[in-house]
*Asks:* 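The following block contains the structure, expressed as C-alpha cells.
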Amino acid sequence: RKKELEQQAVEYATNIVKTAEEVDDTISNIEKEVENTAQGIEIGIREANEASKQVGVKLKSKSEKVRQTMENIRVAFEEIEKQEDTSNSYN
C-alpha cells in the first residue's frame, strides 16, 4: 500500500511538472505573439504616418496648382479688361 501511494505521489509530481512546463511554454508563446503583434502595430503606425505625409505633400501640390490656376485666371481677366478698355477708347 505504501509503495502504491509513493508511486501515485510520483505520478502526481510528474504531472505537476509537465503541467508547469506546458504553462511555461504557453506563456512563452503568448509573449512571442504579443511581441509580434506589437511589432506589427509599430510597422502599421509607421506606414500610416508615411502615407499621411505623402497625402500632405500631394495636397500641398494640388493647392499650389489651384493657387496658380486662380492667378492665371486673374491675369486673364485683367488682360480682357485692358483689351475692353482699349477697344472702348477706339469707339
Side-chain angles (χ1 to χ4, degrees):
R1 178 80 182 140
K2 183 179 175 185
K3 196 150 188 116
E4 200 177 291
L5 290 174
E6 286 176 354
Q7 187 176 351
Q8 259 187 342
V10 168
E11 285 176 19
Y12 289 148
T14 302
N15 287 339
I16 289 170
V17 169
K18 284 182 184 175
T19 301
E21 288 171 350
E22 289 171 3
V23 168
D24 192 46
D25 288 346
T26 300
I27 290 171
S28 293
N29 289 339
I30 290 170
E31 288 172 341
K32 287 176 190 169
E33 285 297 320
V34 167
E35 180 64 26
N36 290 342
T37 301
Q39 288 175 357
I41 290 169
E42 288 175 14
I43 290 168
I45 289 170
R46 280 197 298 271
E47 289 174 352
N49 284 339
E50 185 57 36
S52 175
K53 287 178 189 171
Q54 290 175 7
V55 167
V57 168
K58 287 179 183 176
L59 285 175
K60 189 173 181 181
S61 172
K62 296 285 184 195
S63 66
E64 179 57 29
K65 287 179 183 175
V66 168
R67 191 200 63 73
Q68 186 59 52
T69 301
M70 298 284 281
E71 179 64 16
N72 292 345
I73 291 169
R74 186 188 65 73
V75 169
F77 272 110
E78 285 179 359
E79 287 297 317
I80 291 169
E81 286 177 351
K82 285 180 188 174
Q83 289 175 6
E84 286 177 349
D85 290 346
T86 304
S87 68
N88 285 341
S89 66
Y90 289 131
N91 291 338

*Asks:* Can you name the residues that form a salt bridge (charged side-chain N to carboxylate O under 4.0 Å, His left out) with E84, not counting sequence neighbours?
*Replies:*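 Checked E84 against salt bridge (charged side-chain N to carboxylate O under 4.0 Å, His left out); zero matches.
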*Asks:* With sequence neighbours excluded, what pairs up with E4 under the salt bridge (charged side-chain N to carboxylate O under 4.0 Å, His left out) test?
*Replies:* R1
*Asks:* Tell me which donor-acceptor pairs under 3.5 Å the side chains of residues 53-64 have, and how far apart each pair is, sequence neighbours excluded?
*Replies:*
residue	atom	partner	partner atom	Å
S63	OG	L59	O	3.2
S63	OG	K60	O	2.9
E64	OE1	R67	NE	3.3
E64	OE2	R67	NE	3.4
E64	OE2	R67	NH2	2.8

*Asks:* For residues 14-24, run the donor-acceptor check on the side chains, cut-off 3.5 Å, and write out each pair with its distance to 0.1 Å, sequence neighbours left out.
*Replies:*
residue	atom	partner	partner atom	Å
T14	OG1	V10	O	2.8
N15	ND2	E11	O	3.4
T19	OG1	N15	O	2.8

*Asks:* Evaluate salt bridge (Lys or Arg N to Asp or Glu O under 4.0 Å) for R74 paired with E71, printing each intermediate quantity in order.
*Replies:* CA-CA 5 Å; R74 186 188 65 73; E71 179 64 16; 2.5 Å; yes
*Asks:* Atom CD of E79 and atom OG1 of T86: how far apart are they, to the nearest 0.5 Å?
*Replies:* 9.5 Å
*Asks:* Looking at residues at least two apart in the chain, or sitting in another chain, which of them share a side chain to side chain donor-acceptor pair (under 3.5 Å) with Q68?
*Replies:* N72
*Asks:* Count the heavy atoms belonging to other residues, nucleotides or ligands that lie under 6.0 Å from CD of Q7, then report whether that count exceeds 12.
*Replies:* no
*Asks:* Report yes if some heavy atom in the side chain of L5 is under 4.5 Å from a heavy atom in the side chain of Q8; otherwise report no.
*Replies:*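 Contact flag for L5/Q8 side chains = yes.
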*Asks:* Taking atom NZ of K65 and atom OG1 of T69, what is their separation to the nearest 0.5 Å?
*Replies:* 9.0 Å
*Asks:* For a quick test of your reading: what N or O donor-acceptor pairs under 3.5 Å do the side chains of residues 30-37 make, sequence neighbours left out?
*Replies:*
residue	atom	partner	partner atom	Å
E35	OE2	Q39	NE2	3.1
N36	ND2	K32	O	3.4
T37	OG1	E33	O	2.8

*Asks:* So do E50 and R46 actually touch side chain to side chain, heavy atoms under 4.5 Å?
*Replies:*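 No; the side chains remain at least 4.5 Å from each other.
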